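Below: one structure, written as structure tokens.
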Amino acid sequence: MQYNFNEIEAKWQKYWAENQTFKAENTSEKKKFYVLDMFPYPSGAGLHVGHPLGYIASDIYARYKRHKGFNVMHPQGYDSFGLPAEQYAIQTGQHPAITTAENIKTYRRQLDQIGFSFDWSREVRTSDPKYYKWTQWVFIQLFNSWYNKDSDKAEDIETLISMFSSDGNANINAVCDDDIAVFSAADWKAFSSKEQQEILLQYRLTYLAETEVNWCPALGTVLANDEIVNGVSERGGHAVVRKKMTQWSMRISAYAQRLLDGLNKIDWPQPLKDSQTNWIGRSQGASVTFYTNDDERHPIEVFTTRPDTIFGASFMTLAPEHELVAKITTAEQKSAVEGYIEATAKRSERERMADVKTISGAFTGAYAEHPFSKNPIPIWIGDYVLAGYGTGAVMSVPCGDQRDYDFAKKFDISIPNIFEGVDISEEAFADKEKTIIANSDFLDGLKYKKAVKLAIYELEKLGQGEGKINYRLRDAVFSRQRYWGEPFPVYYVDGMPQMLDKKFLPLALPEVDKYLPTETGEPPLGNAKEWHWLQYGNEGKVVSEEEFNNSSPSGRLGGALELNTMPGWAGSSQYFNRYMDPHNADEIFSKEAMDYWQDVDLYIGGSEHATGHLLYSRFWQKFMFDRGLVPKDEFAKKLINQGMITGTSAFIFRISEGYYKWDNGLHLMDDIQPQLEIFDKLFDDIYKGCLISFDKLENCDCYEGVDGSIYKLGDILKDSEMSSRLTKAGFEYKKITFSISKIHTPVEFVDNQNNLDVAKFMSWSNNIKQPIYNHPDSFKVSREVEKMSKSKYNVVNPDDIVSDYGADSLRLYEMFLGPLEQSKPWNTAGITGVHGFLKKLWKLYFDDNGSKVTDAEPSAENLKTLHKTIKKVEEDIENFSFNTSVSTFMICVNELTAQKCTSKAILEPLALLVSPYAPHIAEELWEQLGNTGSISTIDFPIFEPKHLVESNKVYPISFNGKMKFTMELSLDLSKDDIEAAVMAHEKTQQQLAGRTPKKVIVVPGKIVNIVG
RNA sequence: GCUCGAGUGGUGGAAUUGGUAGACACGUUGGACUUAAAAUCCAAUGGACAUUAGUCCGUAUGGGUUCAAGUCCCAUCUCGAGUACCA
């Protein structure tokens, strides 16, 4: 009986689908286990072999947990809003919903054939109105909440309103906008409704504000910080500029500390935690207020992490954009300051980042007064101070900060030394631990920590400062000028945003005739003919502006709807909770479902979401927790980042340019010009576009040129008949050199030995002349490891692998490649190893005549092999070391084959062990062994240590730490017995050659080492 | 620059608390079977010398701790990821 994987896999995939084998129930006697994958964006390109890696790992774990008796939820869905579908729509006019549905179909087909145990009955799609209804709903909850610092959690906005009407806002301790005027209860009641709404907006967790945003003109949208890489857009690499716009923002900064603290109680990879910690960027220090020393006494607030160095402050620096600059600049300095501001404004963010070394600034002519010494301190502006961080102003301590130091040197500002025994003639001194303060009045002689405390204490006494914690984390801009995203459930009345009532959700995306911004620069939704909200009582609908204007104003609610849509991360910030109760039309999820499933036990996905999705989701979860909607304030207990599977690109080499070395070297004579043209023409005619086999290039001389390598023609083509035309024209081979271009070539044209199928390649590509071989019949390409991508022609499609080797082989091989977290190159050739293993496994159960399995008693050896395997595989799965368990299976099958084992008592548990990894073959074996139903919930074999008990140990006998020979001894022997036995051995005597050992180390059960 | 991670055969990678380095595969070489190929099976495979036994060198480099180091400590180099005038 043959191992017919295609048939077996199709059979069981059908069985699982028909029997809903992996459907998880929300009520169960069993303990729950929630295994989650980061849901994919369904791109038009479909899956490549890199994509399923994490899904295979999580699937193995999910299947293992089912065998261990858990009620496992393993859902899957699609993050189906996004830019590519929209850009495709812009180009073709095709509605993104159609493209998206098609792509999802492809994804589903590809996923199904790999045999995942997903519970598809729980599928969600972020672009489905039934789903984004709840994204809109969460947005409304955020709008209706404020952050109370006293209770340290988000609360209903009604509690704030009642506090306003009883006590005003003076005693409110909230996370809110900075510049809110103080009002009394009486004031509050006297405010107009619009004024009240304006004030509340400054407190809400999602709020409308004019913010400076990253505007990408090419994409026509705002980008979040994590969507910008090296100053250009992550997608497309377009320029990004700063621009002021009215945008929805999320007050994530309210949660900065809790997001930081929460990291301690979740089992997530350290690098990911580090990057979140970094992103949140907590720094502890003090806020200090300086005053200008003129009559105006303008306050200048700065943030510093080193209040202990305050006596070293010899100047202040403001960001050029700082609002005070215009007010304090003196008449004499006005032109210099304005010139400088103009110059920095012209420089893009990118230029400023690229050019950190250049120190620039201008003196305002104004002075501040030192809080303690009362000395005048010159106030400068400089673009090394960022308007967006802290207060946009710093106290500059050149002796303690290198940037201040460089600035002071450049502009010849004094650099007072306030450190004991430190030389600052070359550079600033920033080592906190070694700091002893000097020349600082009451701080003299103190170490860093004490000096900080005392400085803050004295500042507080003066009323000019206090201890403060600053975060780098900014509020997150939540508006995008896009079509293909969630519409905001918001309409405007008199310029103030109003939330749609829950019963009117979802507010569906309107139809538009084009997906670009409007001519007046409004977002794409501005193209919608019907995009006004019209409501009377319980009846509400979306209408045209005209219909709205013609409707009766009496009892009418509504207005123009919001034109922005939500960003990509909106839909992914709660999807893991929605999976628990995905079809609930009345609630985002029922309390019962949430009480049962609680949180994610294992989350697997890529590390690229470290500061995007994974931070925003934690924020939303904490908010939902505060509002009593979820029982846990962290949504995922454990997270693993799978590594990337990289491609192995293939390159061919094509002759691009020829050069001739003229005898007169540098002195080009006029008569060379026509010669040169003849040469160029001839060379291009004969050689340009020729392919060269890589093994030919490898072995010849080349010069390292600026753009790569320049090869000598003589080495490569001396004997070629092609070249005679050049010699006939009087050119010598040895003086001819040429450069090559390296071109990606589709990996499917290349075999395992790096031989190119030349015929296929020639018909695929143009601009190619005949290939030049090193060995006839073998044209070599070079290979390099790169990210898998269409443009590099190195994409390997899982469909091909599945049809050639089967899904089980693909699953095993992806795991076998290496540790899950590590990135590793794909090489299809290696899959024959695991495929061969599956065939060998099959042959343990079947030969040409059918089943070989017997009821024979297993031998001790059989049992040892089995239980060794159970132990190792179980440990490996628990440690997510899936690559080593594949090796373990191979060893096990190799051993059982050698033992000629046919015992059902061994082979039945073996099928179970393999089942999480290679579920199709396991199901088939299980059935062939006479069982009915799916193997998927059968108990995992239990490890019994008694089968591994050994009486003997093969000891390695070392001399001075080097193993020389082994010796089998009983494990019952005492240390002395072992030593005696070893010393008596003839090889020991041979090694010692008459010497007496100085020392003999005996570690029973491990090793013997003889020193001397 | 800062933070984190990693350097082991031709390749992917094993190696539990320091205790036989290179498991398991791929690839390569030789052989069996076959008209041939595929498939399958057997043997060899870190390097050098010797090829009968054996000897020496080997986990990026240089030191150190230890009876014993891929593993621990110090320094250096290289690569990768993240982040960046963050005061």
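This is a predicted model, so every value here is computed, not measured. Just so we're on the same page: letters track the sequence lines, and every chain starts at 1.
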Check for a donor-acceptor pair, side chain of A:Gln284 on one end and backbone N or O of A:Ile469 on the other, with a separation under 3.5 Å.
-> no

Atom P, compared across B:rA36 and B:rU20: separation rounded to whole Å = 47 Å

Earlier contact from the 5' end, RNA chain B, for A:Lys839 and A:Gly830 = A:Gly830

Could you check how far CE of A:Met644 sits from P of B:rG82, rounded to whole Å?
-> 9 Å

P gap between B:rC79 and B:rG70, integer Å = 26 Å

Side-chain atoms of A:Ser887 come closest, of B:rG12, B:rC24, B:rC67, to B:rC24

Of B:rC85, B:rG12, B:rU40, the nucleotide closest to the side chain of A:Lys843 is B:rU40

Identity of whatever pairs with B:rA68 - Watson-Crick or G-U, under 3.5 angstrom = none

Assess the pair A:Phe837 and A:Phe816: is the distance between their ring centroids shorter than 6.0 Å?
-> no

The glycosidic conformation of B:rG9, counting syn as within 90° of 0 and anti otherwise, is syn

Protein-nucleotide distance (A:Gln276, atom CD; B:rU3, atom P), rounded to Å | 20 Å

Rounded to whole Å, the CG-P distance (A:Asn470 to B:rA87) equals 8 Å

Classify the nucleic acid contact of A:Asn883 as base, sugar-phosphate or nothing, counting any heavy atom under 4.0 Å across all strands shown.
-> sugar-phosphate

Would you indicate which nucleotide in B:rU83, B:rG19, B:rA25 comes nearest to any side-chain atom of A:Ile1001?
-> B:rG19

Taking atom P in both B:rG47 and B:rG9, what distance in whole Å separates the two?
-> 12 Å

Between B:rA23, B:rC85, B:rA14, spot the one nearest the side chain of A:Arg403, thanks.
-> B:rC85

Any side-chain N or O of A:Arg472 less than 4.0 Å from the OP1 or OP2 oxygen of B:rU83?
-> no

Could you check how far CD of A:Glu608 sits from P of B:rC4, rounded to whole Å?
-> 22 Å

Among B:rG82, B:rC86, B:rU20, which is the nearest nucleotide to the side chain of A:Ser275?
-> B:rG82

Could you check A:Thr305 against A:Asp274 and say which one's nearest nucleotide on RNA chain B is further toward the 5' end?
-> A:Asp274

Nearest to the side chain of A:Thr884, which nucleotide is it out of B:rA25, B:rG19, B:rA14?
-> B:rA14

Nearest-Å distance once atom P is located in both B:rA6 and B:rA60 = 13 Å

Looking across every strand, which nucleic acid part, if any, lies under 4.0 Å from A:Glu875 by heavy atom: base, sugar-phosphate, or nothing?
-> nothing

Are A:Glu875 and A:Lys871 ion-paired here, with the side-chain N under 4.0 Å from a carboxylate O?
-> yes

Closest to the A:Phe816 side chain, choosing from B:rU83, B:rU20, B:rA25 | B:rA25

For A:Lys1006, report the nucleic acid contact type (base, sugar-phosphate, nothing); a contact means any heavy atom under 4.0 Å.
-> base

Can any side-chain N or O of A:Thr289 pair as donor or acceptor with the backbone N or O of A:Ile300 at less than 3.5 Å?
-> no

In whole angstrom, what separates A:Lys964's NZ from B:rU20's C1'?
-> 12 Å

Whether A:Ser396 side chain and A:Asp404 backbone form a donor-acceptor pair below 3.5 Å | no

Aromatic ring proximity, centroids under 6.0 angstrom, A:His835 and A:Tyr813 | no

Compare side-chain N and O positions of A:Lys999 against OP1 and OP2 of B:rC67 and report whether any pair is under 4.0 Å apart.
-> yes

Taking N and O atoms by type only, does the side chain of A:Asp383 place a donor or acceptor under 3.5 Å from a partner on the base of B:rC85?
-> yes

Return the value, rounded to whole Å, for the distance between atom NZ of A:Lys468 and atom P of B:rA87.
-> 13 Å

Report yes or no: does A:Lys852 contribute a side-chain atom to a donor-acceptor pair with the main-chain N or O of A:Lys843 at less than 3.5 Å?
-> yes

Which part of the nucleic acid does A:Asp404 contact within heavy-atom distance under 4.0 Å: base, sugar-phosphate only, or nothing?
-> nothing

State whether A:Gln822 places a side-chain N or O below 4.0 Å from either non-bridging phosphate oxygen (OP1 or OP2) of B:rA6.
-> no

Among B:rC86, B:rU83, B:rC57, the one nearest any side-chain atom of A:Lys962 is B:rC57

Output yes when at least one side-chain N/O atom of A:Ser283 is less than 4.0 Å from OP1 or OP2 of B:rA87, else no.
-> yes

Spacing between A:Gln402 atom CD and B:rC2 atom C1', to the nearest angstrom = 14 Å

What nucleic acid atoms does A:Val1003 come within less than 4.0 Å of, heavy atoms only: base, sugar-phosphate, or nothing?
-> base

For B:rA87, take OP1 and OP2 only and decide whether either is under 4.0 Å from a side-chain N or O of A:Tyr389.
-> yes

Is the side chain of A:Lys999 donor-acceptor paired with the backbone N or O of A:Val1011 at a distance under 3.5 Å, no angle test?
-> no

Okay, side chain of A:Thr391, backbone of A:Glu301: is any donor-acceptor separation there less than 3.5 Å?
-> yes

Could you measure between the two C1' atoms, the one in B:rU17 and the one in B:rG13, and give it in whole Å?
-> 23 Å

Inter-nucleotide P distance (B:rC56, B:rU66), Å rounded = 24 Å

By the Watson-Crick or G-U definition, both distances under 3.5 Å, B:rA36 is matched with none

With both distances under 3.5 angstrom, what nucleotide forms a Watson-Crick or G-U wobble pair with B:rA87?
-> none

Could you check which nucleotide pairs with B:rG27 in any of the strands shown, counting Watson-Crick or G-U wobble with both distances under 3.5 Å?
-> B:rU45

Listed nucleotide nearest any side-chain atom of A:Asn894, set B:rA87, B:rA25, B:rA23 | B:rA25

Rounded to whole Å, NZ of A:Lys998 lies from P of B:rU66 at a distance of 14 Å

If pairing requires Watson-Crick or G-U wobble contacts with both distances under 3.5 Å, which nucleotide is the partner of B:rA75?
-> B:rU61

Could you measure between the two C1' atoms, the one in B:rC72 and the one in B:rU65, and give it in whole Å?
-> 8 Å

Base, sugar-phosphate alone, or nothing: which one does A:Thr888 contact when heavy atoms must sit under 4.0 Å apart?
-> nothing

Write down the partner of B:rC4 under the Watson-Crick or G-U wobble criteria, each distance required to be under 3.5 Å.
-> B:rG80

Euclidean distance for P, B:rG7 against B:rU16 (whole angstrom) | 13 Å

